[in-house]
Amino acid sequence: MLKYIVCILCLVGEVAFSQECPDLLSPVNGQSEVPVTATISWEAVVGVTGYIVSIGTSPNADDVVSNQPTGSETSFTPPLGLPESTELFVTITLFFFDQDDIICESKTFTTQEVIDRPVCTQLTAPIDGAMNVNAATNLNWAYASLAVGYQLTIGTAPGVGDIILNEDVGNRLSFNPTADFPLGATIFVRIEPYNENGSALSCEEEQFTVASLGDPPGCSQLITPTDGDVNVALSPLIEWQAVPNALGYLVYIGRSPFVNDVLDGAIFTTNSTFVLNFEANTSYFIRVVPFNDAGEAQGCSQESFSTILGCGPFIDPETGEVVTLNPEINFPDVVGICENSLPTRISTVDLADGFRWYAIDVLGDETLISEASFVDIEATGAYRYEAYTLIDQEGVVIECPSSKEFVVVASASATVEQVLVEKVVDLFNVTIVVSGIGSYEFSLEDVDGSYGDENVFNNLPAGSYTAYIRDKNGCGVVEAPFRLALRPPGFPKFFSPNADGINDLWQYQPPRENALNLRYIFIHDRMGKLIIIIKPDSQGWNGLYNGNPLPSSEYWYRAIDYDQREYLGHFSLIR
């Protein structure tokens, strides 16, 4: 059988590896007034094959629950509930098949006092109304909340009790009659749970009918993998002994002894089946029940095995570290393809044994488009990149993949729309305004320099500059040259076009000395929109745009002389 060790939480000083034991999540350590129906849950531990739980009335004891494996499940519900008004100790063992198990330190809690009667229960095998039941069947029923025992009545007619009458079978969930049931008979069963507060009220009888033909088959056992096997492949052939007189087999497989989450009573007419895609580094529990027209085999035991370590995560027994064998990948969420250079080749520098690239359609279906370290893409949309390593474990070669979904967007080099300048004392703040379908980053004075997302450069002294705008998706770099100059005299700082005859127009006013030989003056609003172009020999600007007065605000000028030199600044329109 799969090795079962005592308990879940570790003895301090006896842990051979760096693996940490889990904390209880519910109940928490030291909790009181815990319901007797409580489910015990704990933190998942990375790299652990499975867990084993013990519950007792003293540290490391197992007089309530003894060495119960839970597989990879991180919770456990005691099948008979918990004793009331009792301090209990939970011990969890971390189970590994490639190294010694770790027995963790016991955690404690105290249950509450029970003041209510239990509720009724129901048969789980045979179920109420079942037909063709094995004459040698055992009776099984579900735990009744708050029960500490059960009284059982069995008869061949309703309410008769001619087989068993009000027998106290104790605190258990099954009963094995001393003799087989009569062939073809209908059997009536009433189960009454009880505790110190009394018996459950108004529990109804259930019934089943015994098969009338022949004898049921016996049980079977695993052939491959054998009970307790380790390093089982992830898609193995499950084979069991053929049983004489069996018409078929019910197969139950799960990652814990209690939940059949892989196969739940699947029917097979042969004594083998392939199971696809087991999880690596996991314990599995299997039970095979042969059947024929006379019913199912009785008392067939559960067997177990553990799969190969797989890709991880698992604990390296030599170092005690958590190991993952999947390759590390580094790939962006968004990739751009240059609209003027299609197809665009996208490459990876990740280290791996192989690669795959998939296109994902609108329905989520994938199409393989490359198995190289690169892919040529012509269309935008959703894609998935996968890199994998090949690992040989016990002669079984497995593939350990890592993958990343990404979106491909169209991209292109930027178009420079404007260079906005704001003068602050003798320094300048410059904003580079661009447009385009790409995603852009900016650098000042160095095409190979440090780029950033910010398109504003602050506190620049007067001088000539070049900003570089680079498409993040590799679709090119464009330049935006500009010149910053201190405001020469002659450009008014404000005007007030309110027809009072004072400062109604804004115009360059040449000083007596060093007057500029201007050709044009361009006036923009704060958003960079061109409002008007005036010549220095005109009356100037009257504050109108298309005949409509513009609001009070800051406006910008860009004056150009006959030597193509620019003079930039701003002024206020006041109404």
Which is it for Gln298 and Thr137 under the side chain to side chain donor-acceptor pair (under 3.5 Å) test, yes or no, and what are the steps along the way?
CA-CA 6 Å; Gln298 295 298 302; Thr137 188; 3.2 Å; yes

Aromatic contact between Trp141 and Phe175, with the criterion being ring centroids under 6.0 Å apart: yes or no?
no

Quick check: Phe285 with Tyr252 (ring centres under 6.0 Å apart)?
no

Give a yes or no on whether Asp128 atom CG has more than 12 heavy-atom contacts from other residues, nucleotides or ligands under 6.0 Å away.
yes

Do the side-chain N and O atoms of Tyr194 and Asp168 include a donor-acceptor pair separated by under 3.5 angstrom?
yes

Would you say the ring centroid of Phe331 lies under 6.0 angstrom from that of Tyr385?
yes

Evaluate the criterion salt bridge (charged side-chain N to carboxylate O under 4.0 Å, His left out) for residue pair Glu399 and Arg356; output intermediate values, then yes/no.
CA-CA 13 Å; Glu399 188 179 286; Arg356 297 187 187 95; 2.9 Å; yes

Heavy-atom donor-acceptor pair, Ser174 side chain to Leu139 backbone, under 3.5 Å
no

Positive for side chain to side chain contact (heavy atoms under 4.5 Å, CB included) with Thr49, one of Asn281, Thr282, Leu309
Asn281

Only counting residues at least two apart or in another chain, list the ones meeting salt bridge (charged side-chain N to carboxylate O under 4.0 Å, His left out) with Glu366.
Arg384

Is any side-chain N of the basic residue among Glu279 and Arg255 closer than 4.0 Å to the acidic one's carboxylate O?
yes

Donor + acceptor pair across side chains of Ser106, Asn60 (<3.5 Å):
yes

Quick check, are the ring centers of Tyr383 and Trp357 under 6.0 angstrom apart?
no

Under 4.0 Å between a Lys/Arg side-chain N and an Asp/Glu carboxylate O for Asp350 and Lys404?
no

